[in-house]
Amino acid sequence: MSATSDKGRQKDAPAGRRPAGREEARREKAAAARAAEIARARRRQRTIIAFTVVAVLALVGVIGFVIQNSRAVSTPVVVPANATGSDNGIVVGKAAAAVTVDFYEDFQCPVCENLETSLGGTIQQMIDSGKIRAVYHMMSFIGPESVRAANAGAAAAQENKFKEYHDILYANQPRERTGGFTNATLIGLGDKVGLTSTAFTDAVNNGTYKGYVAKVEDDASKRGVTGTPTVFVNGSELAAQALTPQGFTDAVAAAGGGGSGGNATPTG
């Protein structure tokens, strides 16, 4: 009986191990199924994220298009009188002048004010003598005050008083980004140089030339102007070290501005 029982146990041992093997197989199959499901979930998540990104980018593009179109519709480009220079820059001086000087300035820019303080007399003398034809591109990159001042400058150009107004704004330049160039201040400074018309006041208050101001900024960027002041003499940009009375005089002379440019009627 004992031997028979031992043999029975020996025969039953392999059969007892088979259920354990099947359980292991089931666990492995379940683990594989879970791994496959996790992989599928991750693929779904990546797909959803990709579609979301594409949708957001598309929405941004549509919003940008709508905003750009609304700006184009709501801000017409009204070009002031005497804005007949390159990229509709405001021209001051005699049409027959041998040398054209393009000035890119911002009424809020303190470095531009320094330029006007050091070079203003020389520039005006050359304009009056017919040596140069000045073309002013008033930039507005510093902020809303720059936009308001440039708009007011364009309104002054419309009434043939741009240069007088240009000079008085620099003579009374507030510190940048301090709120100094309000519409009321700009109108008050205009009054000091004879800009007393309702047309000027309305143009300042209504932002009549804001579309033009934006166009000037855009055209300057296309030309490669990245800061103010920037000065071109007959199309050649002057180095910063040349922006002195002597350096400017030499540059104008080298460009052919040695003599009078004729007796055409000044503009601006």
Side-chain angles (χ1 to χ4, degrees), residues 82-86 89-139 142 146 149-150 152-154 156-157 159-176 180-181 185-186 188-195 216 220 225 227-268:
N82 300 321
T84 56
S86 58
I90 297 168
V91 177
V92 179
K94 299 175 181 178
V99 177
T100 297
V101 182
D102 287 277
F103 294 94
Y104 289 83
E105 301 178 348
D106 187 314
F107 282 125
Q108 256 202 115
C109 168
V111 184
C112 296
E113 191 275 332
N114 290 338
L115 176 73
E116 289 299 327
T117 298
S118 62
L119 272 180
T122 301
I123 292 169
Q124 190 62 56
Q125 183 182 35
M126 289 186 173
I127 290 172
D128 293 340
S129 66
K131 288 184 178 181
I132 67 171
R133 174 177 177 262
V135 183
Y136 288 92
H137 310 258
M138 300 315 300
M139 305 280 280
I142 293 179
S146 296
E159 302 201 12
N160 296 315
K161 283 189 173 292
F162 173 79
K163 190 58 168 58
E164 297 94 326
Y165 191 64
H166 166 279
D167 293 351
I168 201 169
L169 287 194
Y170 277 119
N172 292 272
Q173 185 189 70
R175 291 183 60 188
E176 60 183 308
F181 275 148
T185 297
L186 293 166
L189 291 172
D191 184 73
K192 293 183 178 181
V193 294
L195 288 165
V216 169
V225 175
T228 57
T230 296
V231 180
F232 291 86
V233 175
N234 274 0
S236 297
E237 184 176 353
L238 292 190
Q241 57 267 30
L243 297 179
T244 64
Q246 188 60 55
F248 183 74
T249 299
D250 291 345
V252 170
S260 173
N263 297 312
T265 303
T267 59

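Everything numeric here is computed off the predicted structure, so don't read it as measured data. Starting from 1, each residue takes its place in the sequence as its number.
To the nearest 0.5 angstrom, Leu115 atom CG is 10.0 Å from Thr228 atom OG1. One distance of note links CD of Gln124 with CG of Asp167; it measures 6.5 Å at 0.5 Å rounding. Put simply, CD1 on Ile168 and NZ on Lys163 are 12.5 Å apart, with the number rounded to the nearest 0.5 Å. How far CG of Asp191 is from CG of Leu186: 13.0 Å, rounded to the nearest 0.5 Å. Between the CD atom in Glu176 and the OG atom in Ser146 there is a gap of 8.0 Å [rounded to 0.5 Å]. Taking CG from Asn82 and CG from Asn160, the interatomic distance works out to 5.0 Å, rounded to the nearest 0.5 Å.
Ring geometry for Phe107 versus Phe181: interplanar angle over 60°, hence perpendicular rather than tilted (30 to 60°). Using bins of under 30°, 30° to 60° and over 60° for the plane-to-plane angle, the ring pair Tyr170/His166 lands in the perpendicular bin.
For the pair Pro229 and Val111, the tightest heavy-atom approach, listed with the atom from each and the gap, is CD-CG1, 3.5 Å. Closest heavy-atom contact between Leu195 and Tyr165: CD1-CD1, 3.7 Å. Heavy-atom minimum distance, Gln108 versus Gln173: C-NE2, 3.4 Å. Nearest heavy-atom pair across Val135 and Ser86 is CG1-N, 4.2 Å. Gly153 and Ile90 make their closest contact through O-CD1, 4.4 Å (heavy atoms, listed as atom of the first residue, atom of the second, distance). The two atoms that bring Ser118 and Pro245 nearest to each other are O-CG, 3.4 Å, heavy atoms only.
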### Query
Can you check side-chain contact (heavy atoms from CB on, under 4.5 Å) on Val101 and Phe103, steps first, answer last?
CA-CA 6 Å; Val101 182; Phe103 294 94; 3.4 Å; yes

### Query
Can you list the steps and then say if Met138 with Asp106 is a side-chain contact (heavy atoms from CB on, under 4.5 Å)?
CA-CA 6 Å; Met138 300 315 300; Asp106 187 314; over 6 Å; no

### Task
Evaluate the side-chain contact (heavy atoms from CB on, under 4.5 Å) criterion for residues Ile132 and Thr100: first the C-alpha distance (whole Å), next the side-chain angles of each, then the deciding distance (0.1 Å), finally the verdict.
CA-CA 6 Å; Ile132 67 171; Thr100 297; over 6 Å; no

### side-chain contact (heavy atoms from CB on, under 4.5 Å) evaluation trace for Val233 with Val99
CA-CA 7 Å; Val233 175; Val99 177; 3.6 Å; yes

### side-chain hydrogen bond (donor to acceptor under 3.5 Å, both in side chains) between Ser129 and Gln125, worked out
CA-CA 6 Å; Ser129 66; Gln125 183 182 35; over 6 Å; no

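The backbone N or O of His137 lies less than 3.5 Å from no partner atom in the side chain of Glu105, so there is not a single donor-acceptor pair.
Between Tyr104 and Phe232, some side-chain heavy-atom pair lies under the 4.5 Å cut-off. When side chains are defined from C-beta on, Leu189 does not count as touching Val193, because their heavy atoms never get closer than 4.5 Å. Val225 has its side chain out of reach of Glu237: every pair of non-hydrogen atoms, C-beta onward, lies at least 4.5 Å apart.
Remark: Asp102 pairs with Arg223 by the salt bridge (Lys or Arg N to Asp or Glu O under 4.0 Å) rule, at least two apart or across chains.
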